[in-house]
Amino acid sequence: MNKIYLDNAATTPVKKEVVEAMLPYFTENFGNPSSVYQLAQINKKAIDEARETIAKCLGANTNEIFFTSGGTEADNWAIKGIAEVSKGKGNHIITSKIEHHAILHTCEYLEKQGYEITYLDVDSEGMVNPEDVKRAIKDTTILITIMYANNEIGTIMPISEIGKIAKEHNIPFHTDAVQAIGQVKIDVKEQNIDLLSLSGHKFNGPKGIGVLYIKRGLKIGTFIHGGAQERGRRAGTENVPGIVGLGKAIELAYEHFDDKVARLTTLRDELIEGLIRSIPYCKLNGHKTDRLPNNVNIGVEFVEGESLLLLLDMNGIAASSGSACTSGSLDPSHVLLALGLPHEKAHGSVRFTLGEQTTKEQIDFVIEKMPPIVQRMREMSPLYEDFLKTNK
Amino acid sequence: MNKIYLDNAATTPVKKEVVEAMLPYFTENFGNPSSVYQLAQINKKAIDEARETIAKCLGANTNEIFFTSGGTEADNWAIKGIAEVSKGKGNHIITSKIEHHAILHTCEYLEKQGYEITYLDVDSEGMVNPEDVKRAIKDTTILITIMYANNEIGTIMPISEIGKIAKEHNIPFHTDAVQAIGQVKIDVKEQNIDLLSLSGHKFNGPKGIGVLYIKRGLKIGTFIHGGAQERGRRAGTENVPGIVGLGKAIELAYEHFDDKVARLTTLRDELIEGLIRSIPYCKLNGHKTDRLPNNVNIGVEFVEGESLLLLLDMNGIAASSGSACTSGSLDPSHVLLALGLPHEKAHGSVRFTLGEQTTKEQIDFVIEKMPPIVQRMREMSPLYEDFLKTNK
Amino acid sequence: MYSEKVMDHFMNPRNVGEIEDASGVGTVGNARCGDIMKVYLKIEDNIIKDAKFKTFGCGAAVATSSMATELVIGKTIEEALKISNKSVAEALDGLPPVKMHCSLLAEESLHAALWDYAKKNNIKIEGLEEPKEDIHEHEEEAGCCNA
Amino acid sequence: MYSEKVMDHFMNPRNVGEIEDASGVGTVGNARCGDIMKVYLKIEDNIIKDAKFKTFGCGAAVATSSMATELVIGKTIEEALKISNKSVAEALDGLPPVKMHCSLLAEESLHAALWDYAKKNNIKIEGLEEPKEDIHEHEEEAGCCNA
Ligand SMILES: Cc1ncc(COP(=O)(O)O)c(C=O)c1O
Ligand SMILES: Cc1ncc(COP(=O)(O)O)c(C=O)c1O
């Protein structure tokens, strides 16, 4: 059976070139970069090069790039690190209701420690209103953290506007750009971003490696204490193969950027239109155009997400219902609820996220397979039965 | 030139078998383990298997093994996590003066937050006295953290005795076993260990992956908040290749355990004796027998460590002076100072740490090369000049 | 994640549908938790002659519905009452821990259908309690679907 | 880490040794920081005819000692005074930032030897200050060797 992977927002396959770039750093150039001897210096150089590539992609300086174990650690570091150094100054953080759990659960943790968190509403397309950000600012606001693009519905936030507001009020601005890297062009200086999280495995790089960009001069506490790695700001022996892999992956992600985005956007819109045309009672979740080029999220009424995923899987299609993290527990997606969807509709959403390996044939295959699967599920759905009876 | 790597305490080359075990999880089995579809289930199973292997090696249960990004994160989690949940109970932590910076700097951080830390002295061979631990216990003691074996001087601590004392006083006991894994047999249940840190790259596994063992039922705060990975206790998309590699590496490290230890011990003692015999004014740092089978740490009077390392490197020998982390800054080693060594002797120490790839020929080569290198350095040392003049 | 048997019952669910002139109908669960199960029973001479279901829910919910209806057909009411969530899960070769609550849903929907039958016929079935409006109500703390 | 020039001067240090009847000798640094530099100068007619050193220290310390003695030989005292830590580091094609303090050590040891010469001969050298006992004393905060 053809395997069609359409869950690139959950994670992506590592590219061959990336694995090849990493391989020497496992067995040959394995030295500890902190050491004096030559073997170690090779690694130090490799790390520096990766740092430079990443900095260039973000419009940052190399000494503003700090490696972490992934997007989650970067998010934790950004929020807890700012909270820690802001003690005398204030205790108020502004975020949105549709952030990733790495942000939300960290904020909830701080809430228990006495911080005050404003969780901004979003509109029905998942957009944060910059005016809401402005209105939420208080004298005690120490951080604004708004994701660059949402992982479930793909809505791209007005980051430049929010960055401008943050700057005007002299409040550090963090953005979780884990989903945006490689899909949207980012310039941390132009957009007034003070802190930015990214994660290797979302753009065909390795898992277990990420970055926190920290604007030069920004005061932030250390999150992981220990050795003097990362100029004393993030301890722990450097994950050299991971760092090299992340560097290579972002380099490749930025090659032919515009062509890639154009191709994905076309496929995305074909999939959206194909599904909406062929399946009754379904609609697009998220914004139609301010949307990640790889994200399709469809609300399918009267059916439940996990069942839909299992049937898609049986047809060789890997997709997701809300975020991968939540699909284990099947709690309804907090993102979809924040859009105003009722619970049963939140449960009945399916997310297809495209990748570089996605083809037109795969999209057509999904458009062909989905309608009968949905029909079959509706036939055994008591909700559909009720709907038909009341609408007869 | 023959490359002789004798810095296995800093990091180790990843074994071929380990890399091979990891490779499929980059490009083929790349799915996010939290997802529903089959591609993801393969990874979930791989993680479970690694967890089981690790649990078996430590005498733990699988649900007591939590993956982290390395030893440093595990150390941070253990200490900060216990501190957080012990708020009403107490604020006193017992540790030693010769812990790794991942422990010490974390404790110093907590000290600034109002915690009280007792840094126990060690004897001239680097040994913590269990009686000192007992005497340091107060009503407010919430954690005892003593490393299993020291990374610089290789001294193996009386962990079972300390574990017993901790248990009698009902105080959680953490041990940083990063250097001990694969060299000393550990049984967390028998030894009353409640928390244990380990790191993959110290036993021929990958960098950027580690474990915190948390005894079932022990209350500990979450360190990295976010998704529900690791049963909700450590968020972040799992580093699947890293986890698989760690599992494979520990499996291999436990093969022919006794033979391996015996072989290393023999080589170690040959190196120690060879150096002490052929170089005047030098002595072994650390304990002679309660010592990691791979650790040789020699104090060489009148010479400075970094220069020595550079000259060794020129001869194809990679070694270290104190821990790799500190050799960048060349601050004198806190471990050697804690043994009572004066500064100039602390600066003049060299550490050779053997690995599975180390041969008798390599040891002989070091024993041959060291004396002339030391002699050459002493000839340009003003300290040696003074010494000769005063002892004429 | 799921056993082969669960997947078989999910892919090929037995007894999907409605019974026009059902002796008893029971619906439990709620959309909030993403699980709704509706069971139709045809009962004659104290014996469950037929059972059908409709389910909105995850793979485990569908499979347990299918298995529960299969188990119940041909049984007396008293025997049917003995079908517990555990026996349904066991018949499916087990369920993942997070999905055990789904088997509870199957038990409860059977009971709800039997209760409906008893009410309609004005009889009392020994050992059968009135179904809760929503079996999840008391589970709020454990999180919606993480029983 | 180190430039080729640093490594060359470290591996083949120029002017290692002592001068028996030195005109001036200067020692700076301390063992605590792992760097001690001792410079011997032979001065005739205001010209530095010869210079030798002994150094206990890291690669950069050895290389800067070597380079400083090389730079100073043949110079007048006034010219020698112009040799700064920066010029030594530059002559070595640069030093890693954490090692810049070593070049300071070279400058200071030269000055200390000149001071010794001046004291012995009871002359005053314009622009030369009495050497500090320990050039690191004022650096405590920055960490011993992380100038
Ligand atoms: C004793 C000890 N603890 C902790 C660590 C930190 O481990 P990692 O580098 O994996 O973070 C090390 C090594 O660096 C170590 O030797
Ligand atoms: C928006 C967003 N933030 C953070 C994360 C967490 O990143 P990681 O899994 O690398 O920890 C993810 C993905 O899991 C994400 O989609």
Side-chain angles (χ1 to χ4, degrees), chain A residues 1 101 105 108 281 299-316 318-322 324-334 336-337 341-350 372-389 392, chain C residues 1-2 6-20 25-40 52-66 69 96-102 105 109 112-113 134 136 139-140 142-147:
Chain A
M1 198 194 320
H101 281 152
H105 289 339
E108 286 157 15
Y281 314 117
V300 187
E301 282 198 65
F302 318 120
V303 307
E304 191 277 336
E306 196 210 70
S307 286
L308 191 52
L309 295 190
L310 286 172
L311 287 172
L312 286 167
D313 190 25
M314 289 296 143
N315 283 278
S320 140
S321 171
C325 306
T326 50
S327 74
S329 75
L330 286 182
D331 276 337
S333 148
H334 66 281
L336 299 175
L337 293 179
L341 292 189
H343 279 83
E344 67 271 23
K345 290 198 188 173
H347 274 292
S349 293
V350 59
I373 289 175
V374 170
Q375 186 50 29
R376 180 181 159 176
M377 287 187 60
R378 283 181 175 163
E379 271 159 22
M380 69 162 94
S381 166
L383 295 177
Y384 192 56
E385 183 186 317
D386 290 351
F387 170 79
L388 290 183
K389 278 178 188 156
K392 235 191 288 193
Chain C
M1 173 157 89
Y2 290 130
V6 171
M7 284 311 292
D8 176 36
H9 275 265
F10 170 71
M11 292 301 292
N12 313 293
R14 285 54 149 177
N15 310 310
V16 174
E18 302 168 44
I19 298 177
E20 282 294 310
V25 182
T27 307
V28 296
N30 73 23
R32 181 170 175 161
C33 293
D35 276 326
I36 298 172
M37 216 176 270
K38 187 168 185 178
V39 170
Y40 299 82
K52 295 247 184 253
F53 80 91
K54 286 214 173 172
T55 288
F56 168 90
C58 64
V62 173
T64 51
S65 308
S66 165
T69 52
V98 290
K99 297 292 187 181
M100 276 306 289
H101 87 105
C102 299
L105 214 55
S109 60
D134 171 7
H136 292 294
E139 290 183 290
E140 279 299 337
C144 197
C145 301
N146 275 317

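Naming: A, B, ... by sequence-line order, numbering from 1 per chain.
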Counting only non-hydrogen atoms closer than 4.5 Å, does A:Tyr384 touch chain C with its backbone (N, CA, C, O), its side chain (CB onward), both, or neither?
neither
So, for C:Cys58 and A:Glu306, which heavy atoms are closest and what is the spacing to 0.1 Å?
CB-OE1, 3.2 Å
Looking only at A:Glu379, A:Met377, A:Arg378, the option with the highest number of non-hydrogen pairs under 4.5 Å against chain C is A:Glu379
Other residues, nucleotides, ligands: >12 heavy atoms within 6.0 Å of C:Lys52 NZ
yes
Does a side-chain heavy-atom distance below 4.5 Å link C:Thr27 with A:Pro382?
no
Under 3.5 Å, is there a donor-acceptor pair between the side chain of A:Glu304 and the main chain of C:Phe56?
no
Does some side-chain heavy atom of C:Met11 sit less than 4.5 Å from a side-chain heavy atom of A:Leu311?
yes
Please name the pair of heavy atoms, one in A:His347 and one in C:Gly34, separated by the smallest distance, quoted to 0.1 Å.
NE2-N, 3.1 Å
Quick check: closest heavy atoms across A:Leu310 and C:Gly59, and the distance to 0.1 Å?
CD1-CA, 3.6 Å
Under 4.5 Å to a heavy atom of chain A? For C:Pro13 that would be side chain
